[in-house]
2 protein chains.
Amino acid sequence: MRERQRHSLKDVARKADVSVATVSRYLNGTLDLPARTRARIDGAVASLGYRPNPHARRLSLGRSDTIALVVPDIANPFFARLSAAMERAAAARGQMVTLHATRSCHDREVAVLELAAENLVDGVVFLTHHATGPEIAERLNHFPRAVVLDEDVPGVTAPRLMCDNELGGFLAGRHLYGAGHRKVAYIGGGGELFSTAARLNGLRRGMDGLDATRCYVGEHAARSGRSLARRFLDERDGETAIFVGSDELLLGVLEVFRDAGILVPHDVSLVSFDDVRSLHLFDPPITAVAQPVDTLGRRAVELLLDGAWDDPEFRRTTELLPVHLIDRGSVGPPTGSGQKETGPSPLHSQHGDTS
Amino acid sequence: MRERQRHSLKDVARKADVSVATVSRYLNGTLDLPARTRARIDGAVASLGYRPNPHARRLSLGRSDTIALVVPDIANPFFARLSAAMERAAAARGQMVTLHATRSCHDREVAVLELAAENLVDGVVFLTHHATGPEIAERLNHFPRAVVLDEDVPGVTAPRLMCDNELGGFLAGRHLYGAGHRKVAYIGGGGELFSTAARLNGLRRGMDGLDATRCYVGEHAARSGRSLARRFLDERDGETAIFVGSDELLLGVLEVFRDAGILVPHDVSLVSFDDVRSLHLFDPPITAVAQPVDTLGRRAVELLLDGAWDDPEFRRTTELLPVHLIDRGSVGPPTGSGQKETGPSPLHSQHGDTS
């Protein structure tokens, strides 16, 4: 292996004819020196091209100018875009980013948080898609700065940042109700998660208080979407539409529907959540609740670097970013085989519960 | 800010009643001690829960167990999946990953490589999508271990790993030629890049030596795809098909075609390159040359960690991974408006140049 050419503090001290401790304390800004001595040290630093070893600097300062991003899966475009936005915001502030994928696996989350703690990262942005236990909360509470992103982690004393899941559910529900649907299914990730409960609350409100939602929950992955879509088709009992909890699940749902000859929106209407997968070019174009992915990423880094961390109240805040619905071609009137009654299309009628 | 509870080497030394230097050298494995002293130090380490500071360890060992990934854009699903595969392979080997996005911008690439060098990373995986100058090559040559991934970087003494771009061009050309196309356009990223030349060579071979390819080059981004597709429609002179250099460019091409009422494959046939964007669910499903993304990522980490770095020959190797074509619905016979002659479909006819 090639060796790096790097001058040490000792070389600078020798050249400037002062002690190593003097150079070190001068460069750390903890020692005042006569102008002549300063000039000698500055000259030695310049002529040797001396740069402090960052590990030594970290050791003495106890910080690393590094932010750890902990996400379930970077290949998922939602996390990819979120990571990209965080990296961009961090780089603009001179912070480096380490990236850790956990597959939402408990042991891996614990290991990653321990590694980040050992590396004295300045902060952690933590995302998970499963219900975490006290071990995760405890470890997160030990970081000087941690932001919980996208999904709640119970028991953590840290600011939360997520999209307004309840608003997302409400917008989907209102859109489906407005198109005439009275009985819908939810295909989502994580039945015990905060986000699922919030979306289902919103969906019910949007559906004018109707509570006729059958839930199918797995993980946010295409493979899970496939198995949940098959179960939906087997057990379907009058549901004319599905609110799908992520674009990842949507992929699996669309694959199963295509193979089964189910036409969207003719047989089943669909609304997705995320809008990170070029859904406007799909067959048909998919109506979706769009997450503010780039803003979420940028804001997470802002909270980490500029938050009022000395204020205990700040560690109890939850910031919700608004979502919006993009109307494309995947919601139609409820004329599918799931409908028990047929007749004139109830599109945009606001009366009557036909579930 | 909360302070971390961390015992120092000094605490261990005090408790074990030996000097700090003794503890340090014993824990580094550079000092033999009598069994009784060893037991005293081991006991002190255990009872204080002492763990060496990783920055101190890095400082003394001159390495960091960290790999730097330098990519143009993490939000691009090709790089996202590649980064995910590299992170997974690195984590399995106990290596951490730092992630750096450059937007293929020269200044940012230089800054990132300098930062990685300062941080004493054990290796760099470098990807760029522009023709880099000697400053990049020089910096890459200073790393003990660097792998050049996906696109060539001239002047670097480092192993290259990429997909077989010429094979990809050949497969696209043969598929289009087989469907009757005799005049095609290439919409790609970076006219001066190694990958572009390789793909065009392959395309020509696949098209039975025909050289009737008009090239439109920009960057691998949807916005670039839009402007290149508009130029293609303005300047079109008999081209009945397009070989598109990436799924990112494809998004822009499809958007422009949809807005202009151009039907695929009826008016223009398309073959994409990458196959990382759920193209099977697009309207129409898009035929594409699929890159072995996960294998590329895993293999890059293998080369970095297990390569024969002491052998100068190893630093001159180029490893090509095979690609394959997935036939979907975006290539038809050349009956579009770009065709100067009409008549019976020449699909699968192997004779005659109708361009």
Side-chain angles (χ1 to χ4, degrees), chain A residues 1-4 51 53-59 62 64 66 69 73-77 79-85 87-88 91 96-101 103 108 111-112 115 117-120 141-145 222 247 250-251 254-255 258 277-278 280-285 293-294 309-310, chain B residues 1-5 51 53-59 62 64 66 69 73-77 79-81 83-85 87-88 91 96-101 103 108 111-112 115 117-120 141-145 222 247 250-251 254-255 258 277-278 280-285 293-294 309-310:
Chain A
M1 276 203 216
R2 216 164 299 191
E3 287 299 314
R4 276 188 200 86
R51 282 197 297 198
N53 184 311
H55 299 305
R57 188 166 157 274
R58 284 166 195 185
L59 187 58
S64 59
T66 300
L69 306 184
D73 172 17
I74 311 149
N76 174 328
F79 298 121
R81 280 184 50 192
L82 206 49
S83 300
E87 196 278 343
R88 202 159 50 232
M96 225 172 32
V97 149
T98 61
L99 188 66
H100 311 271
R103 273 89 62 201
R108 186 91 184 105
V112 156
L115 185 67
E118 280 185 16
N119 280 295
L120 302 178
N141 283 338
H142 271 85
F143 283 93
R145 299 179 177 207
D247 286 355
L250 174 74
L251 298 183
L254 290 175
E255 286 167 5
R258 192 191 49 187
R277 273 206 178 260
S278 318
H280 62 305
L281 298 173
F282 276 34
D283 179 18
V293 195
D294 296 334
W309 291 94
D310 293 329
Chain B
M1 273 204 217
R2 214 164 302 190
E3 286 301 314
R4 276 186 200 87
Q5 283 288 332
R51 282 198 298 199
N53 183 311
H55 299 305
R57 189 169 158 271
R58 284 167 195 184
L59 186 59
S64 59
T66 301
L69 306 185
D73 173 17
I74 311 149
N76 174 329
F79 298 121
R81 280 187 48 192
S83 300
E87 196 277 344
R88 201 159 50 232
M96 226 172 32
V97 150
T98 60
L99 189 65
H100 311 271
R103 274 85 66 200
R108 188 89 186 107
V112 157
L115 184 67
E118 280 186 16
N119 280 293
L120 303 178
N141 284 338
H142 271 84
F143 283 94
R145 298 178 177 207
D247 286 355
L250 173 74
L251 297 183
L254 289 176
E255 286 168 6
R258 192 191 50 187
R277 271 207 178 261
S278 318
H280 62 305
L281 298 173
F282 276 34
D283 180 17
V293 195
D294 296 334
W309 291 95
D310 292 330

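Values below: every heavy atom of this structure, side chains too, minus hydrogens, waters and symmetry copies. Protein chains get the first letters and strands the later ones, always in sequence-line order, with residue 1 at the start of each.
Rounding to the nearest 0.5 Å gives a distance of 6.5 Å between CD1 of Ile74(A) and OG of Ser83(B). A distance of 6.5 Å separates CZ in Arg88(B) from CZ in Arg103(A), rounded to the nearest 0.5 Å.
Residue Leu115(A) touches chain B through its side chain alone, counting heavy-atom pairs closer than 4.5 Å. Neither the backbone nor the side chain of Leu69(B) comes within contact range of chain A, judged by heavy atoms closer than 4.5 Å.
Exactly one of Leu99(B), Val97(B), Thr66(B), Thr98(B) qualifies for a side chain to side chain contact (heavy atoms under 4.5 Å, CB included) with Thr98(A). That residue is Thr98(B).
With sequence neighbours left out, the salt bridge (charged side-chain N to carboxylate O under 4.0 Å, His left out) criterion links Arg81(A) to Asp294(A). Residues forming a salt bridge (charged side-chain N to carboxylate O under 4.0 Å, His left out) with Arg108(B) (at least two apart in sequence, or on another chain): Glu87(A).
In terms of heavy-atom proximity, Ala75(B) sits nearest to Ala84(A) at N-CB, 3.6 Å. For the residue pair Arg258(A) and His280(B), the shortest heavy atom distance occurs at NH1-O, 3.3 Å.
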